[in-house]
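Since the structure comes first, as structure tokens, the remarks are kept for the end.
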Amino acid sequence: MSHAQGYQLQRLNETSGLMPEGHANRYDTDDSVSESETEPQRREGRVREDANSTSDTGRRSDSSRPSGSRDEEDSANLRYGATHLLLLIVPVSLCMLVVVTTVLSVTSYASGDAKLVYIPYKEDTSSSSAKFGEALINTLAFLGVVVVMTIVLVVLYKYRWYKALYVWLIGTTASLVFLFAGIYLVELLDKYNTAMDWITYALIVWNFGVMGMVVIHWKGPLRLLQIYHILISALMALIFIKYLPDWTTWIVLGMFVIYDLVAVCCPKGPLRILVETAQERNEDIFPSLIYTSTMLWTVTMAENETPSCTPQQHGGDHGDDSGGSGSETEQHGEEAMTSSERHACAARQLGTPAEAPAVRQKRQRRQPTGRSNDKEEKRGAKLGLGDFIFYSVLLGKAANDSGGDWNVILACFISILIGLCLTLLLLSILKKALPALPISITFGLIFYFATRDLISPLISALAEYQVFI
């Protein structure tokens, strides 16, 4: 056999994989050895170039996106905003409905002789100026208590005193779902002259309270949590309507417009500090204080698996029989990875997107579970329970002082909802936390006094003289 034929047979064995393992090729030169040593570096360079070109393509595709896709995205955002607007209007309306119905039917909530502990005056004088002075002092005392409690809440949260904070919140929730709910049930039984033994009463209050504590501070169905949020907001609003004097209530509502603006919009406002601290820690503010249209804890599905950037060892049951070194196992694992997996791994290591945004968006649509659901859940509409309470106080007080005049009630109701819609519109434009009380309460106060002093007398006069417009 000639030397040329032997060389051809030698190369044929190498390419077919029949060369004995560890057999040195005496025909390879030093240049081929250096090429084999730099091959991983070349492969890594090609992966980097592919990843960079892919990211550049994604950016170009974003910049050159047609106007039709932008219109679709805008319409989707509008539908999203309208959906979550309804998800807030419905519970706010239900809360105000409960308060108005209770005030008009249960007279003990409409006129209470008692007052809160931190309210110094009862406004029992006949002089208007004296009533205004007493109401102003009562408002300052009430506002001082609210400010101190808010600052304490922010300090406990900022310095991570979570145990004291949870004890406080749990105690407050327990007083609402046990004590105030029990008082409300007694008032209803007395109003409708219904007899109930103490054992049945205790069982009802106990079950209602325990279920509320579990749902609010642990977990439970979303609808049940929303019902409890609406009920405890209505109970707190009824307490304020019952125990706050008349003039004090209206001045408190006006002062809270200013306080809410300062607390949320000022750089050192307590509520703004609370929101910014929660955003820095990537945490959600306490579920007992926030009404939400979504439930964060319900997302328990695992994240979508991504290809690992570390080579996998495909030894299986044959791992003990292989007898190969670690470098040989890594080499086989690297060969087992596909080119797309290597591209994705290299792109993650470089911090660049492994695919164009359009492709990534299609892939996320095909994968409805995982982190995409988590992000969608966190985008749910949220509103503080304090906003529920003061909306209901305004409407309930309007219903009580107007004597059940539905012109006044409907005017205040519509004005509150219009203010809420404008607040959500500003929220979508400014993309930051905004107070929900100022616009709605301002509209409500304006429409209440305008309807009570102007529109209702005009309608009564027109009806008396049979004048139809």
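Bear in mind the structure is a predicted one, so any value in this text is a computation, not a measurement.
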- State, to 0.1 Å, how close Gly396 and Val103 come at their nearest heavy-atom pair, and which atoms those are. O-CG1, 3.8 Å
- For the student: nearest non-hydrogen atoms of Gly419 and Ser440, plus distance: C-OG, 3.1 Å
Residues 161-190, side-chain donor-acceptor partners within the protein, below 3.5 Å, at least two apart:
from	atom 1	to	atom 2	distance (Å)
Tyr162	OH	Arg281	NH1	2.9
Thr172	OG1	Trp168	O	2.9
Thr173	OG1	Leu169	O	2.8
Thr173	OG1	His217	NE2	2.9
Ser175	OG	Thr172	O	2.6
Tyr184	OH	Thr102	OG1	3.0
Glu187	OE1	Ser108	OG	2.5

- Is the CZ atom of Phe447 crowded by more than 12 outside heavy atoms at less than 6.0 Å? no
- Query: Which distance, rounded to the nearest 0.5 Å, do you find between the CG of Leu274 and the CD1 of Ile151?
  - Reply: 12.5 Å
- Interatomic distance, CD1@Ile89 vs SG@Cys421, rounded to 0.5 Å, equals 4.0 Å
N/O donor to acceptor pairs below 3.5 angstrom from side-chain atoms of residues 129-137, sequence neighbours left out:
from	atom 1	to	atom 2	distance (Å)
Ser129	OG	Ser127	OG	3.0
Glu134	OE1	Glu123	N	3.4

- Message: To the closest 0.5 Å, what do you measure between CD1 (Ile273) and OH (Tyr157)?
- Response: 13.0 Å
- Message: With a sphere of 6.0 Å drawn around CD1 of Ile199, does it hold more than 12 non-hydrogen atoms of other residues, nucleotides or ligands?
- Response: no
- Message: Using a 3.5 Å distance criterion without hydrogens, assess whether the side chain of Tyr109 forms a donor-acceptor pair with backbone atoms of Val99.
- Response: no
- Mark yes or no for whether Ser288, through its side chain, and Ile216, through its backbone, hold a donor-acceptor pair below 3.5 Å. no
- Hey, does the side chain of Lys397 reach the backbone of Trp250 with a donor-acceptor pair shorter than 3.5 angstrom? no
- Message: Measuring from atom NE2 of His229 to atom CG of Leu224, what distance do you get when rounded to the nearest 0.5 angstrom?
- Response: 10.5 Å
- What distance do Ser233 atom OG and Leu238 atom CG have between them, rounded to the nearest 0.5 Å? 11.0 Å
- Query: What's the shortest heavy-atom distance between Ile409 and Ala399, and which atoms?
  - Reply: CD1-CB, 3.6 Å
- Query: Which atom names give the shortest non-hydrogen contact between Pro270 and Thr150, and what distance separates them?
  - Reply: CB-CG2, 3.8 Å
- In Å and rounded to the nearest 0.5 Å, what is the CG to CD1 distance from Leu394 to Ile441? 5.0 Å
- Task: Please name the pair of heavy atoms, one in Ala411 and one in Thr451, separated by the smallest distance, quoted to 0.1 Å.
- Result: CB-OG1, 3.4 Å
- In terms of the angle between their ring planes, are Phe142 and Tyr118 parallel, tilted or perpendicular, with boundaries placed at 30° and 60°? tilted
- Task: Search all heavy atoms of Pro91 against all heavy atoms of Leu86 and return the closest pair with its distance.
- Result: CD-O, 4.3 Å
- Message: Quick check against the 3.5 Å criterion: does Thr442 have a side-chain atom that pairs as donor or acceptor with the backbone of Ile439?
- Response: no
- Checking Asn138 side chain against Tyr121 main chain: does a donor-acceptor pair fall under 3.5 Å? yes
